[in-house]
S.K.: 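There's a structure below that I have some questions on.
This is a predicted model, so every value here is computed, not measured.
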Amino acid sequence: APVRDEVRLIDAQVERMRLIVTQLLQHARPTEYAGYAEALDPAEVLQASLVLVRHLLERARVRLDLRAVPGATPPVTINRPELQQVLINLMVNAVQAMETMGTAATAPGGERVLVLDTGVDAARSRVAITVQDSGPGLSEATRAALFQPFFTTRRDGNGLGLWISRGLLERYGGTLQAGNRAGCGAVFTIELPAG
């Protein structure tokens, strides 16, 4: 059994290294990794992405507050798997932030909450997708380094997720910003051109 455990550990480390190399290549050579762009409903993509993280929400006892309504915003033009990759990364980060705080990572009502929403800034022709948590929020030092490669606040993190996410969105004229919610928690906002 100890040999099998060591083999599993080595396999996990090799897989982690493969993922890191793939993410670096994706960022360094974006045209080789760019996918087919299509007009997408942001709320629908959010809902589809939830399928892949719902088990994490249940395990961490996080209540989902899904405010995004299909058809409420104009579509955005982006590759579906790439947008889902960004959304899943943000949702996983939010759950992990709430888990690290234990019972302290709760909304004023005493529960862990993940809020997902979409909106539109018609004057700027931009669509926003927000991922908000009730975790500890972001310190000024963390916010300053958040999108730098290899910066992480987690012991098991590789520090590439947010850096890669921002790069993917920029390819489509989008942005990724981070801040703190009023009260408690962090908020990440994706903005993409409408239409």
Side-chain angles (χ1 to χ4, degrees), residues 23 26-27 30-31 33-58 60 62-98 105 107-109 111-135 137-138 142-143 146-147 160-195:
Q23 288 176 327
Q26 188 176 25
H27 190 77
T31 55
Y33 287 86
Y36 171 76
E38 58 185 309
L40 302 171
D41 182 326
E44 187 275 321
V45 177
L46 256 177
Q47 290 179 3
S49 302
L50 278 169
V51 172
L52 299 171
V53 295
R54 195 168 296 276
H55 69 286
L56 295 175
L57 298 175
E58 291 169 2
V62 172
R63 181 176 65 83
L64 175 65
D65 183 356
L66 182 61
R67 300 175 182 176
V69 177
T73 67
V76 294
T77 303
I78 190 170
N79 176 263
R80 176 182 288 272
E82 290 177 349
L83 180 55
Q84 284 185 307
Q85 177 183 338
V86 172
L87 291 170
I88 291 166
N89 182 57
L90 294 177
M91 288 187 269
V92 168
N93 286 353
V95 169
Q96 289 173 340
M98 289 184 278
E111 63 181 337
R112 296 173 180 172
V113 182
L114 176 67
V115 180
L116 304 175
D117 201 359
T118 57
V120 63
D121 182 342
R124 294 176 44 233
S125 298
R126 307 284 281 178
V127 172
I129 305 169
T130 55
V131 177
Q132 304 175 47
D133 65 58
S134 60
L138 303 167
T142 297
R143 285 178 67 185
L146 201 56
F147 296 104
L160 293 174
L162 292 174
W163 180 61
I164 295 291
S165 294
R166 181 177 260 184
L168 288 175
L169 294 168
E170 287 174 350
R171 273 193 257 169
Y172 299 96
T175 60
L176 177 58
Q177 300 167 4
N180 288 316
R181 295 175 60 183
C184 67
V187 57
F188 285 81
T189 304
I190 295 168
E191 281 195 357
L192 288 161

S.K.: Please report the shortest heavy-atom distance between P42 and P75, naming the atom on each side.
M.R.: CD-CA, 4.5 Å

S.K.: Tell me, do L176 and L90 make a side-chain contact under 4.5 Å, heavy atoms counted?
M.R.: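 Yes, close enough: below the 4.5 Å cut-off.
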
S.K.: Looking only at non-hydrogen atoms, find the nearest pair between F147 and F188 and report the distance.
M.R.: CZ-CE2, 4.4 Å

S.K.: If you measure from CD1 on I78 to CD1 on I190, what distance do you get to the nearest 0.5 Å?
M.R.: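 Between atom CD1 of I78 and atom CD1 of I190 there are 7.5 Å.
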
S.K.: Rounded to the nearest 0.5 Å, what separation is found between the CG atom of L46 and the CG atom of L116?
M.R.: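 Result: 5.5 Å between the selected atoms.
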
S.K.: May I ask you to test the D133-V95 pair for a side-chain heavy-atom distance under 4.5 Å?
M.R.: no

S.K.: Indicate yes or no for a side-chain donor-acceptor contact from R112 to the backbone of A60 under 3.5 Å, with no hydrogens or angles considered.
M.R.: yes

S.K.: Please report the interatomic distance CG(L66) to CG(L50), rounded to the nearest 0.5 Å.
M.R.: 6.0 Å

S.K.: Can you name the closest pair of heavy atoms from T175 and L169 and give their distance?
M.R.: O-CD1, 3.7 Å

S.K.: Under the criterion side chain to side chain contact (heavy atoms under 4.5 Å, CB included), I'd like the reasoning laid out for N93 against L162: C-alpha separation, chi angles, the key distance, then a yes or no.
M.R.: CA-CA 9 Å; N93 286 353; L162 292 174; 3.9 Å; yes

S.K.: Which atom names give the shortest non-hydrogen contact between A94 and V131, and what distance separates them?
M.R.: CB-CG1, 4.4 Å

S.K.: Looking only at non-hydrogen atoms, find the nearest pair between P81 and N79 and report the distance.
M.R.: CD-OD1, 3.0 Å

S.K.: Would you say the side chain of M91 lies within less than 4.5 Å of the side chain of L56, judging by non-hydrogen atoms?
M.R.: no

S.K.: First locate atom CG of D65, then atom CZ of R63, and finally report the distance between them rounded to the nearest 0.5 Å.
M.R.: 5.0 Å

S.K.: Would you mind reporting whether T130 and V115 have side-chain heavy atoms less than 4.5 Å apart?
M.R.: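 No, too far: nothing below the 4.5 Å cut-off.
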
S.K.: Which pair of non-hydrogen atoms, one from M98 and one from V113, has the smallest distance, and what is that distance?
M.R.: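 Taking every non-hydrogen atom into account, SD-O, 3.5 Å.
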
S.K.: Could you state the interatomic distance from CD (Q177) to CZ (R143), rounded to the nearest 0.5 Å?
M.R.: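 One finds 10.0 Å between CD of Q177 and CZ of R143.
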
S.K.: Going through the checks in order, is the side chain to side chain contact (heavy atoms under 4.5 Å, CB included) test met by V86 and I129?
M.R.: CA-CA 11 Å; V86 172; I129 305 169; over 6 Å; no

S.K.: For E44, what residues pass the side-chain hydrogen bond (donor to acceptor under 3.5 Å, both in side chains) criterion, not counting sequence neighbours?
M.R.: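 R80.
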
S.K.: How long is the span from the CG atom in L64 to the CG atom in L114, to the nearest 0.5 Å?
M.R.: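 Here the interatomic distance stands at 6.0 Å.
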
S.K.: Which donor-acceptor pairs under 3.5 Å do side chains of residues 117-128 form with protein atoms, sequence neighbours excluded?
M.R.:
residue	atom	partner	partner atom	Å
D121	OD1	A123	N	3.3
D121	OD1	R124	N	3.3
D121	OD2	R124	NH1	3.1
R124	NH1	E191	OE2	3.4
R124	NH2	E191	OE1	2.7
R126	NH1	G173	O	2.9
R126	NH2	G173	O	3.2

S.K.: Please tell me if the side chains of R54 and V51 come closer than 4.5 Å, counting only heavy atoms from C-beta onward.
M.R.: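 The answer is no; the side chains never approach within 4.5 Å.
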
